[in-house]
Amino acid sequence: MEAQAQGLLETEPLQGRDEDAVASADFSSMLSEEEKEELKAELVQLEDEITTLRQVLSAKERHLVEIKQKLGMNLMNELKQNFSKSWHDVQTSTAYKKTHETLSHAGQKATAAFSNVGTAISKKFGDMSCLFKWCVN
């Protein structure tokens, strides 16, 4: 009996199948005509309130756009500002600084290594050309 009573007192929101069961249930036969009329009136009132709220939101959004235009702000400027701030935040982060330092050091080492390889290849070609000249002469 406690399990049944606890089930009726659950405070968790409805989940998947529960929502489907409630949506497909026909409670209209359990309501009196007076209750139905009250619910219909409440439904109309809620729909009117939602319409009013949408209109107020739309008016506020238009006003926001007007203010931004007067201040010279537009979407592109905002995106540029956001990007600049984000890029600055990245560049000043410790992780970026460490990564930049490491990659810079690795780049210097790679440049030196390629230079040494280039020098070695040039020397080998130089040695080969001398051998070739001796062979031809």
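Along the sequence shown, residues are numbered consecutively beginning with 1.
- Without hydrogens or angle criteria, Ser115 side chain to Thr111 main chain gives no donor-acceptor distance under 3.5 Å.
- To the nearest 0.5 Å, atom OG1 of residue Thr92 and atom CH2 of residue Trp87 are 11.0 Å apart.
- At a threshold of 4.5 Å between non-hydrogen side-chain atoms, the residues Val65 and Glu61 do not count as touching.
- Note: His88 NE2 to Ser93 OG = 10.5 Å, rounded to the nearest 0.5 Å.
- Nearest heavy-atom pair across Glu35 and Met30 is OE1-O, 4.2 Å.
- Distance check, rounded to the nearest 0.5 Å: NZ of Lys68 to CG of Asn77 gives 11.0 Å.
- Looking at Ser58 and Arg54, their side chains never bring a donor and an acceptor atom within 3.5 Å of each other.
- Under the salt bridge (Lys or Arg N to Asp or Glu O under 4.0 Å) criterion, Asp89 pairs with Lys85, sequence neighbours left out.
- Considering only residues two or more places apart in sequence or on other chains, Glu101 meets the side chain to side chain contact (heavy atoms under 4.5 Å, CB included) condition with none of them.
- The shortest side-chain heavy-atom distance between Gln91 and His100 does not fall under the 4.5 Å cut-off.
- With respect to Ile67, the side-chain contact (heavy atoms from CB on, under 4.5 Å) criterion is satisfied by exactly one of Gln69, His63, Lys70: His63.
- Evaluation of the side chain to side chain contact (heavy atoms under 4.5 Å, CB included) rule for Glu42 yields Leu39, Leu46 as partners, not counting sequence neighbours.
- Leu57 is not listed as a side-chain neighbour of Leu53, based on a closest heavy-atom distance of 4.5 Å or more.
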